[in-house]
A.B. asks: 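The structure under discussion is supplied below as structure tokens; questions concerning it will follow.
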Amino acid sequence: MFVMLLGPLAASLIRMAISRSREYQADASGAKSTRDPLALASALRKLETGTQAAPLAAEPQLMTTSSLMIANPFRPGESMAKMFSTHPPMDERIARLEAMAATRS
């Protein structure tokens, strides 16, 4: 019984972690393609500002599409909801891109 409960939870956590790592890989690929990681960091910062200014209502029908968006349009709570987020923190993505730019200089 215990395994039946933990199995799906563990699978969800692994899937979300893979999704977040793919977002980091996509950022790195975009930075290499454009040869301008700071421009991509600036774009991400603008997207984050927009989603903070006008977040979408957290309706179940809409939340299933959040993984298709560049920036999470929903504001998850500060608790367990972030653990199940498909999006890594935008600040962390921006910091990684800025670090890429610093190593190129």
Side-chain angles (χ1 to χ4, degrees):
M1 178 74 157
F2 188 66
V3 173
M4 288 175 48
L5 294 174
L6 285 182
L9 177 64
S12 292
L13 290 174
I14 291 168
R15 186 178 27 183
M16 300 304 163
I18 290 170
S19 178
R20 288 188 295 268
S21 82
R22 285 185 179 162
E23 291 229 17
Y24 290 130
Q25 290 173 351
D27 290 343
S29 295
K32 286 180 183 176
S33 296
T34 62
R35 296 186 182 121
D36 193 356
L38 292 179
L40 183 54
S42 175
L44 290 176
R45 201 173 280 113
K46 289 175 186 175
L47 286 168
E48 181 67 4
T49 300
T51 58
Q52 287 176 351
L56 295 177
E59 297 177 20
Q61 304 93 324
L62 293 175
M63 292 183 74
T64 59
T65 62
S66 69
S67 63
L68 302 173
M69 300 177 191
I70 295 171
N72 189 358
F74 307 105
R75 293 289 116 206
E78 295 297 322
S79 59
M80 296 276 289
K82 283 192 176 184
M83 191 166 33
F84 292 100
S85 175
T86 57
H87 296 280
M90 194 65 78
D91 292 340
E92 199 170 309
R93 291 174 69 187
I94 292 168
R96 286 178 180 223
L97 289 167
E98 289 172 341
M100 284 180 71
T103 59
R104 293 185 77 222
S105 304

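Below, all heavy atoms of this structure are taken into account, side chains as well, without hydrogens, waters or symmetry copies.
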A.B. asks: In terms of hydrophobic clustering (I, L, V, M, F, W, Y; side-chain heavy atoms under 4.5 Å; direct or indirect links), are L40 and M100 co-clustered?
C.D. replies: yes
A.B. asks: Name all residues meeting the salt bridge (Lys or Arg N to Asp or Glu O under 4.0 Å) criterion together with R45; count only those two or more places apart in sequence or in a different chain, and write none if there are none.
C.D. replies: E98
A.B. asks: Show the atom names and distances, to 0.1 Å, of all donor-acceptor pairs under 3.5 Å that link a side chain in residues 90-97 to residues at least two apart or in another chain.
C.D. replies:
| from | atom 1 | to | atom 2 | distance (Å) |
| --- | --- | --- | --- | --- |
| E92 | OE2 | Y24 | OH | 2.6 |
| R93 | NE | D27 | OD2 | 2.7 |
| R93 | NH1 | E23 | OE1 | 2.9 |
| R93 | NH1 | I70 | O | 3.1 |
| R93 | NH2 | D27 | OD1 | 2.8 |
| R93 | NH2 | D27 | OD2 | 3.4 |

